[in-house]
Amino acid sequence: MADRFFPNEMPDYIPESSIITSSTLETGDSLKKLLHLPYKSVCEILKNSALQLKDAVVRETWAKSGKRVQDYSLYTGALGTAFLLFKAYQVTNNKGDLALSSQIIQACDSASRGSKNVTFICGRSGVCALGAVVAKHAGDEKLLNHYVTEFKQIKLPADLPYELLYGKTGFLWSCSFLKKHIGEDTISYSTMREIVSDIMKAGKKLGKGRCPLMYEWHGKKYWGAAHGLAGILHVLMSMELTLDEQEDIKSVLRYMIRGRFPGGNYPSSEGSESDRLVHWCHGAPGLALTLAKAYEVFGDKELLQAAVDAAEVVWNRGLLKRVGICHGISGNTYVFLALYRLTGNAEYLYRAKAFASFLHDRARRLIAEGLCMEVTALIHCLKGLEEWLICSWI
């Protein structure tokens, strides 16, 4: 197992009140220096690094491609670069980043026409949803209406699965994104209700009593955020649910809590006995985020405690030898941010700072050493790292 992550040798907690000034840290380990800097100083360092990485990602994924789109997705393609630019704009108010984001989205719009992929992360609904939000910020009413109209014309294939990356839940995520950033009435309640009902009905059919809801992806009953229960439940909890549906979701979460490994991590799929993966996509990080969301929605302290327990697994085993969001340090760091925002506990803010400092100090070396695998994965890792740095310190 340890070959997948670095031992976490950072202090469990350094209170802000005991932080020492940078002038007293002129020598010694560079990571230790970052850990002992005040939050305000770390914020500035991370923001500057993020903006430099943003420029590098734009060069590698847009300028060097001749401004042509081969992969339009947010996950690994040009839409991910547009999303980074939009996030950078939210931090700096740089109109140039917003304009370039819009330009890339328009290219993705053309490239995604006719695509059968319909989700936020990997499909056309992500193009239209992000396009509408960027157009709104740019004050372009015509372009905003274009993207909302295009979004409403998307048809879900009859054989669409239910998971987050490629399935119906991924389309619902786009609906939620539009409602949050454009307005509650952007997508009709009936549109979303039909999909929610379908997801719940399918889950009950496969669950068959043992677990109230269950889903399959390529023959496996996954538990994680990318293809399984954690991702599906997380999105469902952003929808309007009946009382029975709420109880079903809580029952599923309790079923998963009971099914944890002795060390606190979660199986990647139903019946798996392999306690190896501590990723957003599979394992404790994705479950921690979903459990935190569940506590926010339901106020059940058992679910909060389970989120806290999962976060301990991430702290101990989450310094992965990759830096991206799906299965890297960047994605795992969101766990601590989520729990800090939920609880106000300063220890979680420190742990987010610690993982971010580890990334800032080591990420380039990890990438140079090839721990992020091939070139396409390298670009994805850079995007994941940059997005986290920009999103996390607003």
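The residues of the chain are indexed from 1 along the displayed sequence.
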Which heavy atom of L291 sits nearest a heavy atom of A307, and at what distance? CB-CB, 3.7 Å

Main-chain N/O of V323 paired to S330 side chain as donor or acceptor, under 3.5 Å: yes

Answer yes if the ring centres of F151 and F171 are under 6.0 angstrom apart, and no otherwise. yes

Any chance CD of Q305 has more than 12 other-residue heavy atoms, nucleotides or ligands included, within less than 6.0 Å? yes

Quick check: are there more than 12 heavy atoms from other residues, nucleotides or ligands sitting under 6.0 Å from OH of Y166? no

What orientation do Y13 and Y350 show, parallel under 30°, tilted 30 to 60°, or perpendicular over 60°? perpendicular

Are S188 and S190 close enough, and set up right, to give a side-chain hydrogen bond (donor to acceptor under 3.5 Å, both in side chains), and what steps lead you there? CA-CA 5 Å; S188 70; S190 61; 3.2 Å; yes

Can you tell me how far the NZ atom of K293 sits from the CG atom of L253, to the nearest 0.5 Å? 12.5 Å

Under 3.5 Å, is there a donor-acceptor pair between the side chain of N332 and the main chain of V314? no

Intermediate values then yes/no, side chain to side chain contact (heavy atoms under 4.5 Å, CB included), L100 and W62: CA-CA 10 Å; L100 183 54; W62 182 241; 3.7 Å; yes

With heavy-atom distances below 4.5 Å as the criterion, would you say the side chains of I195 and T169 are in contact? no

For F6, does the six-membered ring have the charged nitrogen or CZ of K321 within the cation-pi criterion, i.e. under 6.0 angstrom from the centroid and within 45° of the normal? yes

Just by modelled atom types, is the E312 backbone N or O under 3.5 Å from a matching donor or acceptor in the N316 side chain? yes

Working note: V313 + V278, criterion side chain to side chain contact (heavy atoms under 4.5 Å, CB included); need CA distance, chi angles, decisive distance, verdict. CA-CA 8 Å; V313 177; V278 184; 4.3 Å; yes

Neighbour count above 12 (heavy atom, 6.0 Å) for Y255 OH: yes

A side-chain contact here means heavy atoms from C-beta on lying under 4.5 Å apart; do L79 and S73 qualify? no

Would you give the length of the straight line joining atom CD1 of I45 to atom OG of S357, rounded to the nearest 0.5 angstrom? 8.0 Å

Any donor-acceptor pair under 3.5 Å from S101 side chain to D97 backbone: no

Quick one: are M237 and F298 in side-chain contact, heavy atoms under 4.5 Å? yes

Check: M239 and S176 side chains under 4.5 Å, non-hydrogen atoms: yes

Is a salt bridge present between R124 and D109, judged by a nitrogen-to-oxygen distance below 4.0 Å? yes

Residues L34 and K353: closest non-hydrogen pair is O-CE, 3.6 Å

For the pair D244 and K204, find out whether any cationic side-chain nitrogen is under 4.0 Å from an anionic carboxylate oxygen. no

Once you measure the plane-to-plane angle for W217 and H227, does it fall in the parallel (<30°), tilted (30-60°) or perpendicular (>60°) bin? parallel

Quick one, L349 and F336 - any side-chain contact, counting heavy atoms below 4.5 Å? no

Indicate the atoms forming the closest heavy-atom contact of P157 with K116, along with that distance. CG-O, 3.9 Å

Say whether, by atom type as modelled, one donor and one acceptor occur between the side chain of Q246 and the main chain of L241 under 3.5 angstrom. yes

Could you tell me if the side chain of D300 sits less than 4.5 Å from the side chain of R254, heavy atoms only? yes

Please tell me whether M256 and Y222 are part of a single hydrophobic cluster in this structure, the criterion being side-chain heavy atoms less than 4.5 Å apart. yes

May I ask you to decide if L213's main-chain N or O and D248's side chain share a donor-acceptor pair within less than 3.5 Å? no

Of all heavy-atom pairs between H137 and Y89, which one has the smallest distance, and what is that distance? ND1-CE2, 3.7 Å

What I'd like to find out is whether the side chain of M214 reaches to under 4.5 Å of the side chain of L229, using heavy atoms alone. yes

Co-membership, hydrophobic cluster, residues V308 and F261, 4.5 Å side-chain: no

Main-chain N/O of G167 paired to T119 side chain as donor or acceptor, under 3.5 Å: no

So, the side chain of N265 versus the backbone of A284: is there a donor-acceptor pair under 3.5 Å, distance only? yes

Between E245 and R193, is there a salt bridge with N-O shorter than 4.0 Å? yes

Criterion side chain to side chain contact (heavy atoms under 4.5 Å, CB included) on V91 and L51, from CA distance to verdict: CA-CA 10 Å; V91 175; L51 294 175; 5.8 Å; no

Separation between NZ (K208) and NZ (K205), nearest 0.5 Å, reads 8.5 Å

P267 to W223 - nearest heavy-atom pair and separation: O-CB, 3.5 Å

Is it true that the side chains of S251 and E247 contain a donor and an acceptor less than 3.5 Å apart? no

Quick one, E150 with R113, criterion side chain to side chain contact (heavy atoms under 4.5 Å, CB included). Give me CA distance, side-chain angles, the key distance, then yes/no. CA-CA 10 Å; E150 288 291 318; R113 289 183 178 276; 3.3 Å; yes

Indicate yes or no for a side-chain donor-acceptor contact from S112 to the backbone of S115 under 3.5 Å, with no hydrogens or angles considered. no

Heavy-atom donor-acceptor pair, R341 side chain to A338 backbone, under 3.5 Å: no

Any side-chain heavy-atom pair from L143 and Q106 closer than 4.5 angstrom? yes

K250, NZ: over 12 other non-hydrogen atoms inside 6.0 angstrom: yes

Does Q70 CD have over 12 foreign heavy atoms under 6.0 Å away? no

Are any of the side-chain nitrogens in D198 or K168 under 4.0 Å away from the carboxylate oxygens of its partner? yes

Distance col, row S238:OG vs K179:NZ, nearest 0.5 angstrom, shows 10.5 Å

For L172 against I199, the heavy-atom pair lying closest together: CD1-CD1, 3.7 Å

